[in-house]
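Have a look at the structure below, then the notes.
Bear in mind that the values here come from a model prediction, so they are computed numbers and not experimental data. Naming: A, B, ... by sequence-line order, numbering from 1 per chain.
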Amino acid sequence: MLKIYNTLTGKKEPFEPIAPKTVRMYVCGVTVYDYCHIGHARSALVFDVLRRYLEYSNYAVTFVKNFTDVDDKIIKRAHEQGVSCDAVTAKYIQAYHEDMGKLGIQAATEEPKATEHIADIIHLTEQLVKKGLAYVVDGDVYFEVSKYPEYGRLSKRRLEDLQAGARVDVDERKRHAMDFALWKSSKPGEPTWESPWGPGRPGWHIECSAMSIRHLGETFDIHGGGMDLIFPHHENEIAQSCGSTGKEFARYWVHNGFVQINKEKMSKSLGNFFTIREIFEKSEWPEDVTGEILRYFLLSTHYHGPLDFSDQALKEAKSALNGFYDLFQRLDEPEERATADQKLREVIERCRVTFQSTMDDDLNTPEAVAALQGMKANVNKLLGQGLSMPARKRVREEFRSLGENFGLFQLGKWQFGPFVVPIGQAKETDDAMPISVKTSGLADTEIEDLLRERNESRRRKDFQRADEIRKSLASQGIIIEDKPDGTTRWKR
RNA sequence: GGCGCCGUACCCAAGUGGUAAGGGAGCAGUCUGCAAAACUGCGAUGCAGCGGUUCGAACCCGCUCGGCGCCUCCA
């Protein structure tokens, strides 16, 4: 049974969906005015994994993730670039799909846009005005927080405390410093829609209420996003939604921790952020950073805590992941014996149980990864004792099946090249489907030609030439391994 | 000023009352033309510090030190 930390109660709670075996979840996506950075990647990944694990646990999941495509920052960006807001949002929505695609983030069931829900937003706002929870000033509509007694429930803040800390110039027309805009009258040149209060555009919290209610109903199971959304964004969503419907909104509020650089939050204002595409493109290594490496890295820390991003951490993730693919490669090699097949069954079963119980415990991905590492070590040992081909296939499948929760271990060969058999035999076809491909460096066929030459040299005991070739390949990031049977395998 | 988080080995990181998972790096060994991989062994008597509660504490309580976040747009 899954337990999940609920920001609303401040406790880890058993997850009980409203309707049996179904989950409806909403996650705040991004405002599309720029490329996504690793912080966005982490958030997207955390909820991607939550969704995958719920599905693995036999829930039918409806997953809604929105795009905020009307906003001050978008308008500003459009003006700077001399293009329309639509052009800006279209560009970055496409970039989002590209970047997240490389990361192996699955598309949500629905990916609604704020601009497609203006009618819902206006309707919701009208309800709030009608109920006396919102007021109109000069074509703007504000939510009146002091009329909503539960305000501050999610972020555990009291209105008085908030007031004391308000650092921003308060709009004099507002009745309370914390009142926030549901609808803003639009200035010339801004996107605008007709409304009962005159031409304008939505405030930035109301869209999520409107879209989640439209796609998931007034009450649904899980609402997620980054920690920084707890206040004021999610607090305001609750106020609007509950205020309007009079019903409970989301039951479980799940928030992921930040990605940091040198212990500091990665953010635009600090200028210390890395975009996803930068990381894929500007790797220092001869080969690419793959989506899988990035996923492994991001999952090596519990989702709730902070995570420091560094090149070294990425390298460690790569090495750790390498070990798995080394094993998968061994598992493909032929074997007659079946000595350890029975033991393997126990190893698989133990790993599966541990994996599930750690994931059930508030998505403890680091410990679940440790369970996979444990299975890796055990299987390597059993390989020495002798595992039959069906047994090998079975354990590879288990890695694939558990790994699917993380989007790991799905590749046929990942970064590994095919075996190079001693002279004269054809190479296997390469059916690898890397998540991310950078085609710099040597082509597979060139590498194999060199390896063929090297193996010939080895045969002639010309080890000097053989080592030359190894060295030259190594300088380009190609690592080769000689196997006892005289064949050689390589990897980038 | 208010609310909150974090401090575990060289690095990363689980563990929230029962005697320190896992990964990376390192060292030694087996194997090997060499190398790599794999396997075996080594590695915190201690979990920021000091008190307290307890038969028992990294885990609970208090204080101190250090780092960070939110209260303004932010994943």
Find the distance [X]:[atom1] to [N]:[atom2] and express it as a whole number of Å.
| X | N | atom1 | atom2 | answer |
| --- | --- | --- | --- | --- |
| A/F324 | B/G23 | CZ | P | 9 Å |
| A/M227 | B/C73 | CE | C1' | 19 Å |
| A/F47 | B/A75 | CZ | P | 13 Å |
| A/R157 | B/C3 | CZ | P | 11 Å |
| A/I230 | B/C3 | CD1 | P | 16 Å |
| A/L314 | B/G24 | CG | P | 15 Å |
| A/L363 | B/G15 | CG | C1' | 17 Å |
| A/L159 | B/C71 | CG | C1' | 12 Å |

Using residues 367-379 of chain A as the side-chain source, report each donor-acceptor pair under 3.5 Å to any protein atom, sequence neighbours left out, with the distance given to one decimal.
| from | atom 1 | to | atom 2 | distance (Å) |
| --- | --- | --- | --- | --- |
| A/E367 | OE1 | A/N364 | ND2 | 3.0 |
| A/Q373 | OE1 | A/K376 | NZ | 3.3 |
| A/Q373 | NE2 | A/Y296 | OH | 2.9 |
| A/N378 | ND2 | A/G374 | O | 3.2 |

Exercise for review: With RNA chain B as reference, determine whether A/Q260 or A/K73 sits nearer its 5' end, using the nearest nucleotide of each.
Suggested key: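 Nearer the 5' end of the strand: A/Q260.
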
Side chain to side chain donor-acceptor pair (under 3.5 Å) against [X], all qualifying residues, sequence neighbours excluded:
| X | value |
| --- | --- |
| A/E468 | A/R465 |
| A/H79 | none |
| A/N6 | A/E13 |

Is a donor from one side chain sitting under 3.5 angstrom from an acceptor on the other, for [X] and [Y]?
| X | Y | value |
| --- | --- | --- |
| A/H176 | A/S146 | no |
| A/Y142 | A/R175 | no |
| A/E292 | A/Y325 | yes |
| A/D69 | A/Y92 | no |
| A/R452 | A/N455 | no |

Looking only at the side chain of [X] (C-beta and beyond, no hydrogens), which of the listed nucleotides [options] gets closest?
| X | options | value |
| --- | --- | --- |
| A/L229 | B/C3, B/G23, B/A75 | B/A75 |
| A/Y296 | B/G33, B/C70, B/G23 | B/G23 |
| A/D228 | B/G22, B/C71, B/A75 | B/A75 |
| A/A320 | B/A21, B/A75, B/G23 | B/G23 |

Rounding to an integer number of angstrom, what distance separates [N] and [M] when you compare their [atom1] atoms?
| N | M | atom1 | answer |
| --- | --- | --- | --- |
| B/A25 | B/U16 | P | 28 Å |
| B/A36 | B/C27 | P | 11 Å |
| B/A20 | B/G46 | C1' | 8 Å |
| B/C60 | B/G69 | C1' | 25 Å |
| B/G49 | B/C6 | C1' | 16 Å |
| B/G22 | B/C63 | C1' | 34 Å |
| B/G23 | B/G41 | P | 13 Å |
| B/A57 | B/G17 | C1' | 6 Å |

Reckon [X] touches a base, only the sugar-phosphate, or nothing at all at heavy-atom distances under 4.0 Å?
| X | result |
| --- | --- |
| A/M266 | base |
| A/G39 | base |
| A/V259 | base |

Hey, where does RNA chain B pair up into stems, meaning at least three consecutive Watson-Crick or G-U pairs with distances under 3.5 Å?
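Counting only runs of 3 or more consecutive pairs, the stems involving RNA chain B are B:1-7 with B:65-71, B:10-12 with B:22-24, B:26-30 with B:38-42, B:48-52 with B:60-64.
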
| Who pairs with A/D228 by side-chain contact (heavy atoms from CB on, under 4.5 Å), at least two apart in sequence or on another chain? |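 For A/D228 the side-chain contact (heavy atoms from CB on, under 4.5 Å) partners, ignoring immediate neighbours, are A/F258, A/K265.
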
query = Can you name the residues that form a side-chain contact (heavy atoms from CB on, under 4.5 Å) with A/V353, not counting sequence neighbours?
reply =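 Here the qualifying residues are A/E349.
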
With sequence neighbours left out, what residues match A/R157 under salt bridge (charged side-chain N to carboxylate O under 4.0 Å, His left out)?
->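 With sequence neighbours excluded, A/R157 shows a salt bridge (charged side-chain N to carboxylate O under 4.0 Å, His left out) to no residue whatsoever.
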
Set of salt bridge (charged side-chain N to carboxylate O under 4.0 Å, His left out) partners for A/E98, sequence neighbours left out:
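For A/E98, the residues satisfying salt bridge (charged side-chain N to carboxylate O under 4.0 Å, His left out) (neighbours in sequence not counted) are A/R277.
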
Ring centres of A/F355 and A/F406 under 6.0 Å apart?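 Yes - the distance between ring centres of A/F355 and A/F406 falls below the 6.0 Å cut-off.
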
**Message:** I need the residues from residues 460-468 of chain A with at least one non-hydrogen atom less than 4.0 Å from RNA chain B; give them sorted by number, or say none.
**Reply:**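 Under 4.0 Å from RNA chain B: A/F463, A/D467.
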
- Would you please test A/F143 and A/N236 for side-chain contact (heavy atoms from CB on, under 4.5 Å) and show each step? CA-CA 9 Å; A/F143 187 91; A/N236 291 355; over 6 Å; no

Hey, what are the protein-to-nucleotides 7-14 of chain B N/O distances that come in under 3.5 Å?
| from | atom 1 | to | atom 2 | distance (Å) |
| --- | --- | --- | --- | --- |
| B/C11 | O2 | A/E316 | OE2 | 3.4 |
| B/A14 | OP1 | A/H302 | N | 2.9 |
| B/A14 | O3' | A/N364 | ND2 | 3.0 |
| B/A14 | O2' | A/E367 | OE1 | 2.6 |

Grab the N/O contacts between the protein and nucleotides 35-43 of chain B below 3.5 Å, and write none if there aren't any.
| from | atom 1 | to | atom 2 | distance (Å) |
| --- | --- | --- | --- | --- |
| B/A35 | N1 | A/D482 | N | 3.0 |
| B/A35 | N3 | A/R470 | NH1 | 3.1 |
| B/A35 | N3 | A/R470 | NH2 | 3.3 |
| B/A38 | O2' | A/R330 | NH1 | 3.2 |
| B/U40 | OP1 | A/K381 | NZ | 3.0 |

Heavy-atom check, side chain of A/L54 versus side chain of A/F15, under 4.5 Å: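 Touching, per the 4.5 Å side-chain cut-off.
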
